[in-house]
Amino acid sequence: MSLRTNSLTTNVEPQIAVTATRAESARSASRRGTSGKLTTGDDTGSLQTGSYHHKLMTPAPRVRFAPSPTGSLHVGGARTALYNWLFARRHGGTFILRIEDTDVDRNRPELVDQILEAMTWLGLTWDEGPYRQSERYGLYREAATRLLAEGMAYRAFETSEELEAARKAADAAGETFRYSGAGRAIPSEESDRRAAAGEPFVIRLKMPNEPIVVDDLVQGRAEFPAGSLDDFVLMRSDGHPLYHFSVCVDDVAMRITHVVRGVDHLPNTPKHVALFRALGAEAPKFAHLGMILGADGKKLSKRHGAAGAEEFRAQGLLPEALVNFLALLGWSPGEDRERMTVAEMASLFSLERIGPSPSRFDHEKLAWLNGQYLQDVAEPRLLELLRPFGLPEACPEETLLRALPLQKPRAKTLVELAQALAVYGEDPATYDPAGLKKFGKAANAPLLRTFVERISALPSLGHAGVEEVARTLAAESGVKLGDLAQPVRLALTGTLASPPLFEMIEVLGLETTRRRALALAAKIEAEAAPS
RNA sequence: GCCCCCAUCGUCUAGUGGCCUAGGACGUCACCCUUUCAAGGUGAAGAUCGCGGGUUCGAAUCCCGCUGGGGGUACCA
């Protein structure tokens, strides 16, 4: 594609795609179609008192989530997307997805799908888009041309090498580097001539020489002194728009009303405010969210275990749990609410209740929340969710379905649950050493054999019947129930921890129970008999 | 260096001048339940509201300074 910067001096502009392409519309429409469960019922619910007012007084908000495909969907990004989504749902607005892919060097197009998939997994479906900035270059060129013509921006002919050198010099002198604004002084005829002659240039914005105030909905008022910002670059010499520029042009084109993003963008905001002004547009309202830090208070990264949405998925977390957790990181509905459905969150959400401070990512609490959500998943669906994590092949699904109620309360993630299910498929390959030491006594072999004999004689293997057998046998043998139950448990699971033994036996069935109990008895006998 | 932001139990937070002897949740500990492990139930410990000054009859809540943390300072996003 030709990105000849010379085109900036002309006015040949390709048609602009302000609306999604047909394929994209269809795609997002179908996504929306599958996410019916996430609609919030705003129109009929708690909004009743306020909605009339809202609809008359202010237009429905239009918000966007604008990831760049330079990495996967980070939890920080996921939370930003969620807050935008909740805000849109709360006010009957529009949630727009925009891919910021103007950095050709760092872009990894294959990550776009990964991001979309992660958002879909989280249930954060979008109403418009995904727009790709790489497909909207005409729009940026047109805007740049206009700013140039209006004298709001100008060409600058310094090379990056020259600027780099100047930056280093300033650094060495202990001074703050700011672009000199030299390009402002070049007469427009000369500027046009040099551009036409093919001399490379960037386009810079003329920053107003006055302080810029940002009234942030979350962070409050921040005033940036005049002169603290220099004339930043709008268009690179290779014709690519820079982030600040494409963002503002698109926010105007998409009629964005509220910008909800991370505080790392707060220092950029005065630039954007100046740009919106230059573009002749009203700036949207801003809401900057505090950073999400790792448990150690450092910037969250892979080092902290998981940072990307798909990693949490791989860890066996439920999207609804992650969403609930993320919602609470910076926002609180008040009244001590913690566990909420997305619908509840959407009806309670407000930017005013977002706190400004950074927060740490507490995996423990996430795990707890996930465990809570896990309990509510019905067994058949749970089995499907578990499938990608591996189910024991040797075990009929009907058995797994019966095992699930026993194992579910003992697990916090799908990974843990899947692992716990393994015992229903295969006989223990090894025994817990401590368990063997404590319960592998010679006297326990006959106890195991008698237990097997007696439950074999039972007309059916109901847990109540098995328990009665066990209690009777323990009493007869003069031992506590635990002294019988633990060796049996060790035989059946190889460990000393499991769901209630008698219910487990009922699920495992007579054959498996016999085989495993007898195997341990044999092992004990073999070791007890000195050769 | 310069610019900007933040600061309540270990963690997430409630709190917007008197209702705070600072509330809830995770985590921790104890007890109960119990054939083990979880889950669940009950209870406890845990915050001189970062520090220092103001304002006020009264401050976690308002103002100033400091300290600590974070972000930005690109022809990255």
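Here is how names work: the chains are called A, B, and so on, in the same order as the sequence lines, proteins then strands, and each is numbered from 1.
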Quick test: give all pairs of protein nitrogen or oxygen and nucleotides 4-9 of chain B nitrogen or oxygen below 3.5 Å, distance rounded to 0.1 Å.
from	atom 1	to	atom 2	distance (Å)
B:C5	O3'	A:Gln219	OE1	3.4
B:C5	O2'	A:Gln219	OE1	2.6
B:C6	OP1	A:Gln219	O	3.2

Validation row: A:Phe389, A:Thr413 side chains within 4.5 angstrom (heavy atoms):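 In short, these two side chains do not touch, never coming nearer than 4.5 Å.
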Any residue meeting salt bridge (Lys or Arg N to Asp or Glu O under 4.0 Å) with A:Lys408, in chain and number order, not counting sequence neighbours: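 Partners of A:Lys408 under the salt bridge (Lys or Arg N to Asp or Glu O under 4.0 Å) test: A:Glu379.
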Under the salt bridge (Lys or Arg N to Asp or Glu O under 4.0 Å) test, residues paired with A:Arg79 that sit two or more places apart: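 So A:Arg79 forms no salt bridge (Lys or Arg N to Asp or Glu O under 4.0 Å) with any residue.
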Between [N] and [M], how far apart are the two [atom1] atoms, rounded to whole Å?
N: B:G46; M: B:A22; atom1: C1'; answer: 13 Å
N: B:C29; M: B:C62; atom1: C1'; answer: 40 Å
N: B:U48; M: B:A39; atom1: P; answer: 30 Å
N: B:U55; M: B:A45; atom1: P; answer: 37 Å
N: B:G18; M: B:U56; atom1: C1'; answer: 12 Å
N: B:U8; M: B:C49; atom1: P; answer: 12 Å
N: B:C4; M: B:C51; atom1: C1'; answer: 22 Å
N: B:C5; M: B:G43; atom1: C1'; answer: 41 Å

Rounding to a whole Å, what distance do you find between [X]:[atom1] and [N]:[atom2]?
X: A:Arg353; N: B:C12; atom1: CZ; atom2: C1'; value: 14 Å
X: A:Asp296; N: B:G70; atom1: CG; atom2: C1'; value: 13 Å
X: A:Met291; N: B:G69; atom1: CE; atom2: C1'; value: 13 Å
X: A:His240; N: B:A74; atom1: NE2; atom2: C1'; value: 16 Å
X: A:Ile292; N: B:U11; atom1: CD1; atom2: P; value: 16 Å
X: A:Arg178; N: B:C2; atom1: CZ; atom2: P; value: 11 Å
X: A:His288; N: B:A77; atom1: NE2; atom2: C1'; value: 13 Å
X: A:Asn370; N: B:C26; atom1: CG; atom2: C1'; value: 14 Å

Sequence neighbours left out, cut at 3.5 Å: what donor-acceptor pairs do the side chains of residues 286-297 of chain A make with other protein atoms?
from	atom 1	to	atom 2	distance (Å)
A:His288	ND1	A:Asp216	OD2	2.5
A:His288	NE2	A:Arg261	NH1	3.2
A:His288	NE2	A:Thr269	OG1	3.2
A:Asp296	OD1	A:Lys298	N	3.0
A:Asp296	OD1	A:His304	NE2	2.7
A:Asp296	OD2	A:His304	NE2	3.3

Counting only Watson-Crick pairs (N1-N3 plus N6-O4 or O6-N4) and G-U wobbles (N1-O2, O6-N3), all under 3.5 Å, who is the partner of [N]?
N: B:U73; answer: B:G1
N: B:U56; answer: none
N: B:C26; answer: B:G10
N: B:G40; answer: B:C32

Looking at every strand, decide which applies to [X] at a 4.0 Å heavy-atom threshold: base, sugar-phosphate, or nothing.
X: A:Lys408; answer: nothing
X: A:His244; answer: base
X: A:Thr102; answer: sugar-phosphate
X: A:Val202; answer: base

Aromatic centroids of A:Phe232 and A:Phe245 separated by under 6.0 Å: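 Between A:Phe232 and A:Phe245, which both carry aromatic rings, the centre distance is not below 6.0 Å.
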Pairwise 5' ranking along RNA chain B for A:Leu229 and A:Lys271, keeping only the more 5' one: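 Nearest-nucleotide comparison on RNA chain B picks A:Leu229.
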5'-most by nearest nucleotide on RNA chain B - A:Ser228 or A:Phe325: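 Nearest-nucleotide comparison on RNA chain B picks A:Ser228.
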Closest to the A:Asn268 side chain, choosing from B:A25, B:A14, B:A77: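 That would be B:A77.
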Nearest-neighbour nucleotide for the A:Ser68 side chain, B:A77, B:C75, B:G70 considered: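 The closest nucleotide is B:A77.
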Could you tell me whether [X] and [Y] make a salt bridge, using a distance below 4.0 angstrom between a side-chain N and a carboxylate O?
X: A:Lys299; Y: A:Asp264; value: no
X: A:Arg471; Y: A:Glu467; value: yes
X: A:Arg167; Y: A:Glu164; value: yes
X: A:Glu199; Y: A:Arg155; value: no
X: A:Arg98; Y: A:Asp251; value: yes

Shortest non-hydrogen contact from A:Val263 toward A:Gln219: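 Nearest heavy atoms, A:Val263 then A:Gln219: CG1-NE2, 3.2 Å.
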A:Tyr243 and A:Asn268: side chain donor to acceptor below 3.5 Å: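 There is no such pair (donor and acceptor under 3.5 Å, judged by atom type) between the side chains of A:Tyr243 and A:Asn268.
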Distance test, side-chain N/O of A:Arg167 to OP1/OP2 of B:A74, below 4.0 Å: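 Yes.
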RNA chain B-proximal residues of residues 329-337 of chain A, any heavy atom under 4.0 Å: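 Output list: A:Leu329, A:Gly330, A:Ser332, A:Asp336.
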Donor-acceptor pair (no angle test) under 3.5 Å: A:Ser359 side chain, B:C12 base: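 Counting by modelled atom types and ignoring angles, no donor-acceptor contact under 3.5 Å is found here.
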Ring geometry between A:Tyr137 and A:His240 (parallel below 30°, tilted from 30 to 60°, perpendicular above 60°):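 The rings of A:His240 and A:Tyr137 stand perpendicular, inter-plane angle above 60°.
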Nucleotides 28-43 of chain B: protein proximity per nucleotide (B base, S sugar-phosphate only, - neither; heavy atom, under 4.0 Å): -------BBBBSS---
A:Arg136 to A:Tyr131, cation-pi by 6.0 Å centre distance and 45° axis angle: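 Yes, A:Arg136 lies over the aromatic ring of A:Tyr131.
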